[in-house]
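Shown next, in structure tokens, is the structure this report addresses.
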Amino acid sequence: MRITVKLFATFREGRDKIQIIDVNDKTTSQNIIDMLGIDKAEVAILLINGRDGEFNRVLSQDDVLSIFPPVGGG
Amino acid sequence: MLARYSRNVTTLSIEENEKLKNYSVCVVGCGGLGGYIIEMLGRLGIGHIISVDGDVFEESNLNRQLLSDTSSLGINKAIKAKERMATVNPLIEVKSVTERLSKENGKSIINGANVVVDALDNIESRLILEGICEEINIPLVHGAIAGWYGQVATVLPGDKTLTHFYGGKALEGAEKNLGNPSFTPAIVAAIQVSEVIKVLIGRGEILRGKMLFIDMLNQDYETIVCQGDVAYHT
């Protein structure tokens with residue numbers, strides 16, 4: 001199935017900011033994060049189709065996963 | 001109307017500009033974001049500004065913090081905000097609070113403000129500030145920066161946007177590694193001030209239930225709609 005991944009801020013460094021990837025059924029958000037070499041501890045916000053997502057959620061065809069690091073400076 | 005405000009018109013109507021002197025805006029944090037925010041609020045003619053910061057200026061602030069200069073190293077940031085505004089626009093009353101905002105003192109510091117601006121430098125304090133604004137029913141304009149990146153959201157009572165977006169986790173922000181250059185606080189501060197003004201005059205569209213993500217390395221600006229289980233989705 002096809003998944004769109006949108007990365008933000010530092011997660012774009014060394015990676016494409018939008019990626020359309022083919023994955024097996026039963027792939028979870030966590031699997032995608034691992035595949036991209038992102039440390040789960042660095043993820044501040046995980047959205048699936050614009051809604052609050054979970055790491056263990058099994059994704060569906062055409063899901064859009066948005067992944068954000070924490071930005072807190074002032 | 002005063003000549004000093006003549007170029008605010010017709011961006012703001014004469015009536016809108018006149019009203020600004022009656023409002024109070026509390027700016028929590030007078031560093032990179034807060035310095036620019038206070039400057040812009042005062043020049044627009046916001047009558048009352050509460051500047052809040054427990055820190056003093058140090059040399060590493062000089063690359064980006066408008067209120068810092070070589071003669072103000074060691075001076076409290078909230079006090080410096082008041083001193084500068086006295087020369088920029090003496091019509092503005094600035095109340096300086098030289099404490100860090102906390103759960104204990106937060107309510108008494110921001111009480112009476114029409115809008116609160118989040119110009120803090122860590123996520124833990126931002127979540128505390130959102131909680132206090134929620135409790136005493138005051139709109140909050142959030143801004144945060146890290147390197148080439150920034151974000152802005154406007155949080156109205158009931159929204160709890162920051163709690164939602166940060167997942168209630170006080171993570172260490174990416175700015176710890178990326179630093180903060182001169183241009184990121186300026187753009188995020190400007191967008192925050194535009195949000196404050198719109199909340200006050202009730203005109204235009206605000207970033208409510210949304211987070212604007214700014215990526216100046218790629219000049220990419222994206223607004224994410226927050227569609228969580230929060231109250232503002234009607």
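So that the names make sense, note that chain A is the first sequence line, chain B the second, and so on, each numbered from 1.
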Practice problem: Check whether Leu46(A) gets within reach of chain B through its side chain, its backbone, both or neither, counting any heavy atom under 4.5 Å. | Solution: neither

Quiz prompt | Lys198(B)/Glu205(B) ion pair, N-O < 4.0 Å | solution = no

Quiz item: Among Ser66(A), Pro70(A), Gly74(A), which residue forms the greatest number of heavy-atom pairs with chain B at distances under 4.5 Å?
Solution: Gly74(A)

Practice problem: Measure centre to centre between the rings of Tyr149(B) and Phe213(B), then say whether the value is under 6.0 Å. | Solution: no

Quiz item: Non-hydrogen atoms of chain A under 4.5 Å away: do they reach the side chain of Glu222(B), the backbone, both or neither?
Solution: side chain

Quiz item: Which answer fits Leu178(B), side chain, backbone, both or neither, if we ask what part of it has an atom under 4.5 Å from a heavy atom of chain A?
Solution: side chain

Practice problem: Verify, without hydrogens or angle tests, whether Glu130(B) (side chain) and Thr161(B) (backbone) share a donor-acceptor contact under 3.5 angstrom. | Solution: yes

Quiz item: Taking every heavy-atom pair that is under 4.5 Å apart, which of Asp118(B), Asn122(B), Asn180(B), Leu120(B) has the most such pairs with chain A?
Solution: Leu120(B)

Quiz item: Can a salt bridge be assigned to the pair Asp220(B) and Arg12(A) using a cut-off of 4.0 Å between side-chain N and carboxylate O?
Solution: yes

Exercise. Using a strict cut-off of less than 4.0 Å between a Lys/Arg side-chain nitrogen and an Asp/Glu carboxylate oxygen, indicate whether Lys80(B) and Asp69(B) qualify as a salt bridge.
Key: yes

